[in-house]
Colleague: 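Just passing along the structure, written as structure tokens.
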Amino acid sequence: MKKFINHVDDFLAESLSGFAAAHQDLVTLHFDPNFVCRAQKSVQKVALISGGGSGHEPLHTGYIGHGMLDAACPGHVFTSPTPDQMLAAAEAVESGKGILFIVKNYAGDVMNFEMAAEMLPYEHATVLISDDVAVVNSTYTTGRRGVAGTLIVEKVVGSFAETGADLATCKVLGDKVNSRTASMGVALTSCTVPAAGRPTFDINETELEMGVGIHGEPGRRREAMRSVDEIVADLVAAIWHDLQPVAGSKILLLINGFGATPLMELYVIYNAAAKLLQQHGLIISRSLVGNYITALDMAGASITVCLLDDEILQYWDAPVHTPALRWGK
Amino acid sequence: MKKFINHVDDFLAESLSGFAAAHQDLVTLHFDPNFVCRAQKSVQKVALISGGGSGHEPLHTGYIGHGMLDAACPGHVFTSPTPDQMLAAAEAVESGKGILFIVKNYAGDVMNFEMAAEMLPYEHATVLISDDVAVVNSTYTTGRRGVAGTLIVEKVVGSFAETGADLATCKVLGDKVNSRTASMGVALTSCTVPAAGRPTFDINETELEMGVGIHGEPGRRREAMRSVDEIVADLVAAIWHDLQPVAGSKILLLINGFGATPLMELYVIYNAAAKLLQQHGLIISRSLVGNYITALDMAGASITVCLLDDEILQYWDAPVHTPALRWGK
Amino acid sequence: MNTEFILKAAQAVNAAILTHEAEIESLDREIGDGDHFINIKRGSAVVIGLQDELAGLTPDVVLQRIGMKLLSTIGGASGPLIASFFIAMAKSVKEHGGETLTEIAVAFTAGVDAIKSRGKADIGEKTMLDVLIPVAGKFTALAGQGADFASLLQALKQEASLGMQSTKVMIASKGRAAQLGERVIGHIDPGAKSSQVMITAVCDLALSLKQVRSLI
Amino acid sequence: MNTEFILKAAQAVNAAILTHEAEIESLDREIGDGDHFINIKRGSAVVIGLQDELAGLTPDVVLQRIGMKLLSTIGGASGPLIASFFIAMAKSVKEHGGETLTEIAVAFTAGVDAIKSRGKADIGEKTMLDVLIPVAGKFTALAGQGADFASLLQALKQEASLGMQSTKVMIASKGRAAQLGERVIGHIDPGAKSSQVMITAVCDLALSLKQVRSLI
Ligand SMILES: Nc1ncnc2c1ncn2[C@@H]1O[C@H](COP(=O)(O)OP(=O)(O)O)[C@@H](O)[C@H]1O
Ligand SMILES: Nc1ncnc2c1ncn2[C@@H]1O[C@H](COP(=O)(O)OP(=O)(O)O)[C@@H](O)[C@H]1O
Ligand SMILES: [Mg+2]
Ligand SMILES: [Mg+2]
Ligand SMILES: [Mg+2]
Ligand SMILES: [Mg+2]
């Protein structure tokens, strides 16, 4: 493992310090417990707090600011944060209209946020993100994972909250966006968790991992490497099967890199996905291509489709001013 | 080599098509000869045209739009574009005040732009970017390479050109920014050019390449892997030696990832570099951290310092609206 | 169960998980995200760091402090679960005592129940509960029967081991591995493994003690 | 030098560089950016594609068309240089003829001079010019001496080879390798190698022809 690192124990703190220093106009960092919040506390709005294991940057800290989150709680690499972080973050950002937790659906995240919620002295609600269609839902499981769709929920609900909407309505919108969003990813290489010091999984030059998670968790199946058109066809088919969109639907198409995939390749994926979706009668109204929800140094990418409606589109387009997403301001 | 690719011969065209489709509100793509220009032609301003080998995305196509470039000419991967591309781009974007070429100092780029300039029926000037301090200038060489500083020149001169400044003044500002900017990079792994199908250089788990170029060209020396603080100290020392900044100077600090380095690590680099520069009395007025000038899938990063003055700061802060850089609009 | 024993047990657990680093780590790499060993090591280390501060306190307070500290230290899925275990045990010891084997079995069972309700999980879902539930059951049964101390401990170790092994053939329906369907068959659950290691370490410690009853 | 020969030479050059793929590619990986083989292959392929369209044209027009096509095809450092070579040769052939060996030597030298001025480079800078300049010199000298055709060609091949080898010990002061200082010592320049391969292919073609003088 070669990484830009001093000591593995200081990695997270140094990274957060660098992040906060580089974006001090937008965010403020607190240690012990660790959380990052807006540099300027907002007034009288529902406060959006998210968090999760680190290693998915810019998610979540990069999405703190006007039109998105009020605070984020970074855990250790790929490890859910602890309830004291959420409590301290809530204390810092609550502004009279309650707290909305945005939580990716992983046992760890769910339980830690749940324990925080139980201790929270404020009105609160939770939107659970479960956009990953890699794993078919079944009655046995705890539901699907939350992946790149998180960005869309944070943006749309974040901008809605800026209008002064109340907690319950924010949650309704968040749940709606989640239910209209489907993602699936593919990995060409594994990521390496610094503290582990070796790749999470082994994969050779002729294989890919279809339906991989954003922590390097295995996906649907290990398959033979093939052309991007074929890979994209599989990803789009799974998404299509889940969303069952009607022809003429407007969509947001997000091609998300996992950290080590060049932008040139992400645009090749976009090209293939957009063509396919258009051939099937969908209208690509909005697009986003880049490293938005990563898995450290994993080579791979995910495709996310969100079925737009006027409300989602309106709040997607609204101004946003965060370290990693910015427009209209 | 595992990449998201159909056939290597179609890679560039498919990537450009995806890019243009994803950003059709901002750019228009032309094939044969290949160039990308603003979707809306601007009126009565110096037209900025850049270009170079592909593989450095988002540079240059990602910087087309208000406040930066008018057009970019993408060559094959790591191969300078050809003069017919520059001529066609100039034809498309010239709006009465001449053409400013922004050219990274590589023999191929210089000669191809030079031949285009010789055939160009418009008033024109060229700013040559040579910010890479990895290689010490000597009378024998053709000068230093152009690397991440290119972004700063394109942004500052781009915003200046929007004010209606004339060609000569734009060139003067470009040359000034270039002379006040110094960069140096380090690689932990090699990139793989798709058409070559194998890594450009071999490097093992205990080595790094200090002063690497953005095409995987060798740098100053092959060295033993060490802590990020030590690596950053070397990079900053080389930059410092070149710029000789006086204490109290305001700087722009750019930490640029080469494509496969996680944002978490880039922020660790930022943290180390910012501390060091501040300890030496510099004031970090502006910061940028991310993958801005890449080398395909190379793991590594570069540090760029630009000595600000009021003029540079003013045009750095001015609104920009491009696929890869956006603020104030 | 006195404070001295709890603190010694923390040492024993710490040593035991370090010994099983490679095994635990690779299990979570195979069917999880590779951090389970790091998580429990972080938790274990922080408990060791509390020793001085805890030394003079009563067992219920010690358990409660450990639980709260783990809650803000471990994170992940295992953090809230292990923390809930200690917090519930503390409550049980405080309310029902923690002196006799029966009382300790009650407290242990309360801890396991807290994990069940926090994780909304039960036996057979390929989690740490496949170790903890059988161990709690055996503990309660043998304590009720007034079993001999040493053979009770041996039985608990065996039960933990069987429970851990039982996860190998299961499909997971809770936790990260629940996403992987049949791909997890053949792999032991990392949380089941670490639980078995910890239980074994505590039992071995108890077995090795001279004045058994007085310490525990 | 007639059109038929030029087109045959293009074929021979194409075949020769494909044969030397691995060697040329690895040289540019070592001290460049790894694309030199891809660049000249792309150029060579596009010239082959022009064959039908060029077949009926005069040699100067053929050379000019090849030059312009290469200019918009190769890119990189080698593109403008090789293109300039053909465009300058075309001009020389048009103005001074391209029939006799002396005229061809003049045209070749004009091409090499165009590379020198486009690249602002000269001999000893570890570039393709370390092959081209000596070959042009030898060509001019032997043509002037009225040397025997076959031995002239052999001499050019030898000169190309020596020139290519000479770059091995040089430090580069032009092109991408100029950034690398002493690190390039021990490596042959990729452009020098490809030039040597191409010159050798053309000479071998000329040597193999039956009615030598009529074709060239
Ligand atoms: N709902 C649950 N109930 C009980 N145990 C669970 C549950 N979810 C996960 N676990 C246990 O947690 C272990 C994983 O812990 P850890 O790796 O630390 O957290 P994470 O899965 O968040 O990375 C699993 O091996 C399993 O034993
Ligand atoms: N200024 C120059 N004059 C002559 N030849 C040059 C010059 N610069 C580069 N070259 C030649 O070009 C070759 C590299 O070509 P190529 O790899 O196609 O382009 P690039 O260096 O742009 O990747 C070098 O090996 C050298 O022989
Ligand atoms: Mg985890
Ligand atoms: Mg090149
Ligand atoms: Mg885990
Ligand atoms: Mg090259």
Side-chain angles (χ1 to χ4, degrees), chain A residues 1-7 11-12 14-19 21-23 54-55 57-58 62 77 188-189 205-208 225 227-229 231-232 253 255 259-272 274 284 287-291 294 296-297 299 301 321 324 326-329, chain B residues 1-7 11-12 14-19 21-23 54-55 57-58 62 77 188-189 205-208 225 227-229 231-232 253 255 259-272 274 284 287-291 294 296-297 299 301 321 324 326-329:
Chain A
M1 176 188 67
K2 278 193 290 184
K3 287 184 180 289
F4 292 108
I5 204 166
N6 287 308
H7 190 279
F11 182 53
L12 176 60
E14 289 180 5
S15 183
L16 288 172
S17 297
F19 169 78
H23 304 289
S54 293
E57 290 67 24
V77 171
L188 305 187
T189 68
E205 268 298 303
T206 62
E207 297 174 328
L208 57 79
M225 183 63 195
S227 76
V228 64
D229 278 353
I231 294 169
V232 165
L253 175 58
I255 307 299
T261 294
L263 205 44
M264 268 193 96
E265 295 179 44
L266 297 183
Y267 281 119
V268 170
I269 296 174
Y270 180 90
N271 189 51
I284 302 171
S287 303
L288 204 62
V289 182
N291 292 324
T294 60
L296 292 172
D297 55 352
H321 188 173
R326 184 163 174 183
W327 57 67
K329 256 203 133 178
Chain B
M1 177 189 69
K2 278 194 289 184
K3 288 181 179 289
F4 293 108
I5 204 167
N6 287 308
H7 189 280
F11 182 53
L12 176 60
E14 289 179 6
S15 183
L16 287 172
S17 298
F19 170 78
H23 305 288
S54 293
E57 290 67 23
V77 171
L188 304 187
T189 69
E205 269 297 304
T206 62
E207 295 174 328
L208 56 79
M225 183 63 194
S227 77
V228 63
D229 278 352
I231 295 169
V232 165
L253 175 58
I255 307 298
T261 295
L263 206 44
M264 269 193 97
E265 295 179 45
L266 297 183
Y267 282 119
V268 170
I269 296 174
Y270 181 90
N271 189 51
I284 302 172
S287 303
L288 205 61
V289 182
N291 292 324
T294 60
L296 293 171
D297 54 353
H321 188 173
R326 184 163 174 182
W327 57 69
K329 255 207 131 171

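Owing to the predicted nature of the structure, the values given are computational and were not obtained by experimental measurement.
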Colleague: Quick one: do B:N291 and A:N291 satisfy side chain to side chain contact (heavy atoms under 4.5 Å, CB included)? Show the steps, please.
Modeller: CA-CA 9 Å; B:N291 292 324; A:N291 292 324; 3.6 Å; yes

Colleague: Which atoms of A:L253 come close to chain B, meaning under 4.5 Å heavy atom to heavy atom: side chain ones, backbone ones, both, or neither?
Modeller: neither

Colleague: Determine the minimum heavy-atom distance between B:F4 and A:V268, stating which atoms define it.
Modeller: O-CG1, 3.8 Å

Colleague: Out of B:I5, B:V289, B:D297, return the one with the most heavy atom pairs under 4.5 angstrom to chain A.
Modeller: B:I5

Colleague: With only heavy atoms counted, which part of A:L188 is less than 4.5 Å from chain B, the side chain, the backbone, both or neither?
Modeller: both

Colleague: Between A:A21 and chain B, with a heavy-atom cut-off of 4.5 Å, which part of the residue counts as in contact: side chain, backbone, both or neither?
Modeller: both

Colleague: Give, as side chain, backbone, both or neither, the part of A:L296 having an atom under 4.5 angstrom from any heavy atom of chain B.
Modeller: both

Colleague: Heavy-atom distances under 4.5 Å only: say whether B:I255 touches chain A with side chain, backbone, both or neither.
Modeller: neither

Colleague: Name the one of B:E14, B:E57, B:K3 that satisfies side chain to side chain contact (heavy atoms under 4.5 Å, CB included) with A:M264?
Modeller: B:E57

Colleague: Contact part of A:V232 toward chain B, heavy-atom cut-off under 4.5 Å: side chain, backbone, both or neither?
Modeller: neither

Colleague: Is it the case that the side chain of A:N6 and the backbone of B:D229 share a donor-acceptor pair, with hydrogens and angles ignored and the cut-off at 3.5 Å?
Modeller: yes

Colleague: In terms of heavy-atom proximity below 4.5 Å to chain A, should B:A274 be classed as side chain, backbone, both, or neither?
Modeller: neither

Colleague: Any non-hydrogen side-chain atom of B:P262 less than 4.5 Å from a side-chain atom of A:T294?
Modeller: no

Colleague: Which heavy atom of B:R326 sits nearest to which heavy atom of A:W327, and what is that distance?
Modeller: CZ-CB, 3.3 Å

Colleague: Tell me every residue that passes ring-ring contact (aromatic ring centres under 6.0 Å, His included) with B:Y267, counting only those two or more places apart in sequence or in another chain.
Modeller: A:F19, A:H23

Colleague: Indicate the atoms forming the closest heavy-atom contact of A:K2 with B:E205, along with that distance.
Modeller: CG-O, 3.2 Å

Colleague: Could you report the tightest heavy-atom contact between A:A22 and B:S287, atom names first, then the distance?
Modeller: O-CB, 3.7 Å

Colleague: Got a sec, which residues hit side-chain hydrogen bond (donor to acceptor under 3.5 Å, both in side chains) with B:S17, two or more places apart in sequence or on another chain?
Modeller: none

